[in-house]
Amino acid sequence: MPTKNINGFPFVSYTKTTYTNNEMANRSQEFYDWMDTRRSVREFSDKPIDKEIIETILLTASTAPSGAHKQPWTFCVVEDPEIKKQIRLAAEKEEKDSYESRMTDEWLRDLLPLGTDWHKPFLEVAPYLIVVFKRSYEFEKDNRKHQNYYVTESCGIACGFLLAAIHNAGLVALTHTPSPMNFLSKILNRPANEKPFLLIPVGYPADECWVPDIARKNISEICVWI
Ligand code: IYR
């Protein structure tokens, strides 16, 4: 394979399979149709899932681009029922406060179609909770802090890939953001350079599983051509 150096760093030649117009149209349509069947789910089965599947899904998430290729994320996978219980109790405490006094009337009204409230049983039922931490900086070998770049954007993209990989495996997930969520650093004993970003329960949907009957915006609502 051809190689070269830029700034003294190695580069490898990159090629990619391309398709005819027709194939592209079909592939894009099929991928869209498939992705459009993804739903955020709040009713999980407790059916177990092989750890290896979760690891492959996480490797897929970690193929996301990131600022200066720092890959500023840690995926903390919780399977211990005791820890899941602690997370549920702490999350429900914050959520109860939020629903009962912190959220505005407008916000509560906006959530009515989703049917959410402060009860979060899925935090104990789902076989795994993937807690995504963003790494604002690293302690390198010289023991000095090295800032990461575009950490929020990088982690957001990685979580998008993660949700797509979960969907592709035939599993379901919820992007859950209990607020505030500092309790996750404490319960999971994460170092100071990591901050909780997103809590993603993963599993099979419950045998009886309901999701809101809501629609996605159409192309003219999400796209402008200039
Ligand atoms: N974090 C709360 C409230 C909530 C907020 C938004 I924005 C949502 O899209 C859904 C829920 C909860 O998880 O219930």
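If you read the sequence from its start, that first residue is 1, and numbering goes on from there. We count ligands from 1, going down the list as the structure has it; atoms in each ligand are counted the same way.
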K.L.:
What residue and atom, counting heavy atoms only, is the protein's closest point to atom 1 (N) of ligand 1, and at what distance?
P.N.:
E95 OE2, 3.0 Å
K.L.:
Does any donor atom in the side chain of N22 or T20 lie under 3.5 Å from an acceptor atom in the other side chain?
P.N.:
no
K.L.:
Identify all side-chain donor-acceptor contacts of residues 5-16 below 3.5 Å with residues at least two apart in sequence or on another chain.
P.N.:
none

K.L.:
At what distance is the nearest protein heavy atom to atom 3 (C) of ligand 1, and which residue and atom is it?
P.N.:
Y99 OH, 3.3 Å
K.L.:
Counting N and O atoms only, with roles assigned by atom type, does the side chain of K70 sit under 3.5 Å from a partner on the main chain of R135, one being a donor and the other an acceptor?
P.N.:
no
K.L.:
Tell me the salt bridge (Lys or Arg N to Asp or Glu O under 4.0 Å) pairs involving residues 202-214, sequence neighbours left out?
P.N.:
none
K.L.:
Could you identify the single nearest non-hydrogen protein atom to atom 8 (C) of ligand 1 and state the distance to 0.1 Å?
P.N.:
L111 CD2, 3.5 Å
K.L.:
Taking N or O atoms only and a 3.5 Å limit, does T116 qualify as a polar contact for ligand 1?
P.N.:
no
K.L.:
With the threshold set at 4.0 Å, does a side-chain nitrogen-carboxylate oxygen contact exist between K217 and E221?
P.N.:
no
K.L.:
At a 4.0 Å threshold, what atoms of ligand 1 neighbour a non-hydrogen atom of K120?
P.N.:
12 (C), 13 (O), 14 (O)
K.L.:
Which label fits W73 and F75: parallel for a plane angle under 30°, tilted from 30 to 60°, or perpendicular past 60°?
P.N.:
tilted
K.L.:
Taking 4.0 Å as the limit for heavy-atom contacts, which would you say applies to D110 with ligand 1: side chain only, backbone only, both, or neither?
P.N.:
neither
K.L.:
With heavy atoms of H176 as the reference, note each atom of ligand 1 found under 4.0 Å away.
P.N.:
13 (O)
K.L.:
Counting non-hydrogen protein atoms only, what is the nearest one to atom 7 (I) of ligand 1? Give residue, atom name and distance.
P.N.:
W107 NE1, 3.7 Å
K.L.:
Relative to ligand 1, is W118 under 4.0 angstrom through side chain, backbone, both or neither, heavy atoms considered?
P.N.:
neither
K.L.:
Might you confirm whether atom CZ of F31 has over 12 heavy atoms from other residues, nucleotides or ligands at distances under 6.0 Å?
P.N.:
no
K.L.:
Show the atoms of ligand 1 that are less than 4.0 angstrom away from any heavy atom in T177.
P.N.:
1 (N)
